[in-house]
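Worksheet: the structure to be examined is printed underneath.
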Protein chains: 2
Amino acid sequence: MNNNGCRTGGGGGGGGKPNLATPLLLLCLFSSLALNSYFCSSHLHLSRRRPLPAASGWARSAAAEAEAVAAIDCSGHGRAFLDSERAGGVPVCECNGCYSGSDCSQLLLDCPADLDSGDPLFLEVYWQEHAASSAVVFSGWHRMSYITNGQSNSFISDELDKNIRLLHQVVGNAIVDDKLIILGAGSSQLINALVYALSSSSSNANSSSPALVVASIPYYPFYKAQTTLFQTRHYAWEGDASNLVNSSADNIIEFVTSPNNPDGQMKHSVVRGAAVIYDHAYYWPHFAAIQAPADGDVMLFTNSKVSGHAGSRFGWALIKDEQVYLRAIEYMQLNTMGTSHDTQLRILKLIKVMIAEQGGEKDIFEFGYNTLKARWSRLSNLISSSNRFSLQQLSPQYCNYFKKIRDPSPAYAWLKCEREEDEDCNKVLENAGIISRGGALFEAGSHYTRISLIKNQDYFELFMKRMEALVSNSSSSAASA
Amino acid sequence: MNNNGCRTGGGGGGGGKPNLATPLLLLCLFSSLALNSYFCSSHLHLSRRRPLPAASGWARSAAAEAEAVAAIDCSGHGRAFLDSERAGGVPVCECNGCYSGSDCSQLLLDCPADLDSGDPLFLEVYWQEHAASSAVVFSGWHRMSYITNGQSNSFISDELDKNIRLLHQVVGNAIVDDKLIILGAGSSQLINALVYALSSSSSNANSSSPALVVASIPYYPFYKAQTTLFQTRHYAWEGDASNLVNSSADNIIEFVTSPNNPDGQMKHSVVRGAAVIYDHAYYWPHFAAIQAPADGDVMLFTNSKVSGHAGSRFGWALIKDEQVYLRAIEYMQLNTMGTSHDTQLRILKLIKVMIAEQGGEKDIFEFGYNTLKARWSRLSNLISSSNRFSLQQLSPQYCNYFKKIRDPSPAYAWLKCEREEDEDCNKVLENAGIISRGGALFEAGSHYTRISLIKNQDYFELFMKRMEALVSNSSSSAASA
């Protein structure tokens, strides 16, 4: 098992004469053997270096520490983490918004219900209920190298690559066989990597003018913000895709977000001949019916909206063309030299759980769908009783994953204030103690505003209470008018 | 402890008449109480949602799995990881370069000693020897949110911020009190974030010409590669700093790498009035004497070269000016929306171990210094016997951390081929089975080449064997000439 050719015995000191007393000879021989054995094992130790620890229980104290932190009572309105701030050596509770106190038991009065961001905390409770299967232990020496074995430029482990493909296959939301996978720190990082890759690809590289980057209104504001900040001479933000429907330009990059953020509609490319980046962040059974596997040449996904781990910063793209893939890899190498291997190990574990539980009682998609369906149903029932507000139209649809017709369960409500005087819908909600994201950011006009339905239950309940009051006040003021 | 005002009892159904039979009354009362109790606890369950798991041993199976993987025998020339490819359900060994076989016991003949990259695997054995203290358990619900509590734009936990400062204080390599900390996916990401921040800062923003980005030769090639790829109209790569020593331009950004990569020299700014980014990646006791705490306005550090976890992609910058900090934060928000919280937790654990062990028998700096000192000593002894090659000059220096004079222990050997005909030194080594990084990449001419001394021991031993043969052949060919 080692190649040092080192054997116990052999060699030895100068030959003792045969006529020496036998006991002395034996003593010498044994001493020599012992010395040889010592040197040999020392040499062995040096050349083999230190062995990995055996199953000696080295991970036990870390496990006990994590369990102790998980048992800290934060009244169901918060949680302590291993890296939470400490008081007296013990991590303190980090409370959900609008909750306070050392155990998060105090509801703060006049605290706004913050439904601005797409923070996917609606799935936190799922993982709390699957603690044993989703836990993962990091050894101190886990993947210290820049690269994974034998893959000098892709920075992804074979096992993770395999399991991402498997997840798509069991969900049926993307065709993976003819695609390459590239990882990013969230899909955020990949958005610009793909714009770079497509604007520098062979068909565009010879163009003297920069590639024009567009999306259909309403669109996710991040595309514009990022492309504008990072634009080079190779590409620039152009805005509304509908302005280029009849364009003859040959270097257009179009973002197609489907289901769309903010309004949950299934979208298609509108610019003929554009290089399309399909952002399928929300094309999972939590949020939409899976009608057919997506098969775009360039498709984006993010773990933030599948397992809900936005804090891990982990996304991936499926890319058909190898040249585009290699350009994106080049971007990743020079931007961050790959993606955290720590995150990769953790995400692998989470993906394995999602695959193992799919179709059963603990299916995360069933859980996510049921949670969001219930939220949407409560909200849309409320709004339907009001003529001050309206919501986007979504219909039940057959879902290949659930093998049944499913109700709408969008990630966001795209609320419209119908009264002319409610020009700034975001402001109307803000005055009622609800923080949303104004429609102007999505280039859709300020009569619209986006409400996140994927945050934690505390915020959703607070939001519903405020919204009920708002609708009720609106009705009574309309009645008294 | 809960704020629902829910009490067992109270309320109840319609009032029973006082003249009803007592047993019936009691039955009703108890039934009502029981129902109240049931509804109350249901409501409680709903509003408090599911409690966090108690200390029920949920982390145990993950710990056992990690221990089993760590116990897989890879002959000291490799290791299996939790996310290694699997055969029969068991992770397979990932062998060090030039080793092969299912247990990594076979040394491959004619395999080049690859000392090209700065992969810091020399520290892997340190962490293997400190398995218990450096292990960390991730719960499935660890920090799923984009942001840490109450810090909407910095993406760093208070606990990590505190411990990074503490690490600098115990090592004495940087003044932290008047600085802000920003995290990145390696210092790689921060390099461009800082160029962006400095080129867009108030003094440069009004300038019509792009900021010029420079470094002194020989310099780390990544600065040029990244700045060139990502350049915007605000900045551009300009090359050698010495060309701008007498420049009157007011928008110059200078990289000062100290100790320098590739040659380990302590460097200073050469361009008067430049905005300086001090890259102190190697300013740790492993690699250099700590002579005084660094106090630049903008300083870069990376975990890759402190704990050796390059695969984690984790670096940080200390920034004095708040405006520069905020511009860098803006870049981070739009590039990757912060840094993986998974990585942050793991790095926190590693930093805590480094702080706890400093000055004692298990001091990582003592370990790192001793390892690299021994390598440098062996190599420089060998090279001193040759007139075909030479190395950079490094002297023993007093180190405030060790409180003694320490020998040189650089991360890289900066080798020069002295013979005129050895024009391409990188090629000379390549022909002898050694992969290095040619001097041309550092703009220093091809008579130089960089040899990484921080990779694993297997590569270093193979390299020394090849180098000994090369030096010996050179001497004998010189003698016979």
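Naming: A, B, ... by sequence-line order, numbering from 1 per chain. Here the structure is a predicted model, which means the values were calculated and not measured.
- Your options are B:Ser145, B:Gly315, B:Ser307, B:Ser139, and the one with the most heavy-atom pairs under 4.5 Å with chain A is B:Ser145.
- A:Met144 and B:Leu123 get closest at one heavy-atom pair: CE-C, 3.8 Å.
- Aromatic pair A:Phe230/B:Tyr331: centroids less than 6.0 angstrom apart.
- In this structure, the side chains of B:Tyr146 and A:Ser304 come closer than 4.5 Å at one or more pairs of heavy atoms.
- Looking at B:Glu461, there are no atoms closer than 4.5 Å to chain A (heavy atoms on both sides), in backbone or side chain.
- Separating the CG atom in A:Asp158 from the CZ atom in B:Arg86 is a distance of 13.0 Å, to the nearest 0.5 Å.
- Contacts with chain B were tallied for A:Gly186, A:Ala66, A:Ser312; A:Ser312 has the most, counting heavy-atom pairs under 4.5 Å.
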Walk me through whether B:Glu94 and A:Arg143 qualify under side chain to side chain contact (heavy atoms under 4.5 Å, CB included). CA-CA 10 Å; B:Glu94 298 191 12; A:Arg143 291 209 184 278; 2.8 Å; yes
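- Using a 4.5 Å heavy-atom threshold, the side chains of B:Arg346 and A:His142 count as touching.
- For the residue pair A:Ser340 and B:Thr343, a side-chain donor N or O sits within less than 3.5 Å of a side-chain acceptor on the partner.
- Taking each heavy atom of A:Asp83 and B:Glu159 in turn, the nearest pair found is O-CB, 3.4 Å.
- Comparing B:Ile347, B:Thr232, B:Asn163, B:Leu348 by heavy-atom pairs within less than 4.5 Å of chain A, the highest count is held by B:Thr232.
- Side-chain atoms of A:His309 never come within 3.5 Å of backbone atoms of B:Asp342 as a donor-acceptor pair (strictly under, hydrogens ignored).
- If you take CH2 on B:Trp141 and CD on A:Gln128, they are separated by 6.0 Å, rounding to the nearest 0.5 Å.
- A heavy-atom distance below 4.5 Å is found between the side chains of A:Val136 and B:Leu82.
- Interface residue B:Thr339: only backbone heavy atoms are found under 4.5 Å from chain A.
- Using a 4.5 Å cut-off between heavy atoms, B:Leu345 touches chain A through backbone and side chain atoms alike.
- A donor-acceptor contact shorter than 3.5 Å links the side chain of B:Arg313 to the backbone of A:Thr336.
- Around the CD atom of B:Glu330, the shell of radius 6.0 Å holds more than 12 heavy atoms that belong to other residues, nucleotides or ligands.
- Ring planes of B:Phe138 and A:Phe138: tilted class, angle from 30 to 60°.
- Most heavy-atom pairs under 4.5 Å with chain A: of the set B:Leu334, B:Leu229, B:Leu160, B:Leu350, this distinction falls to B:Leu334.
- Between A:Lys349 and B:Glu65 the shortest side-chain heavy-atom distance falls below 4.5 Å.
- Of the possible donor and acceptor atoms, none in the side chain of B:Glu67 sits under 3.5 Å from a partner among the backbone N and O of A:Ser56.
- Judged by distance alone, the side chains of B:Asn335 and A:Asn192 never bring a donor and an acceptor atom under 3.5 Å apart.
- B:Lys224 NZ: 12 or fewer foreign heavy atoms inside a 6.0 Å radius.
- Residues A:Ala135 and B:Trp58 share a closest heavy-atom pair of CB-CZ3, 3.8 Å.
- Contact of B:Lys162 with chain A is not made at all, since no heavy-atom distance falls under 4.5 Å.
- Closest heavy-atom contact between B:Gly140 and A:Ser134: CA-OG, 3.3 Å.
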Set out, in order, the CA-CA distance, both residues' side-chain angles and the distance that settles side chain to side chain contact (heavy atoms under 4.5 Å, CB included) for A:Phe81 and B:His341, then state yes or no. CA-CA 11 Å; A:Phe81 296 118; B:His341 292 316; over 6 Å; no
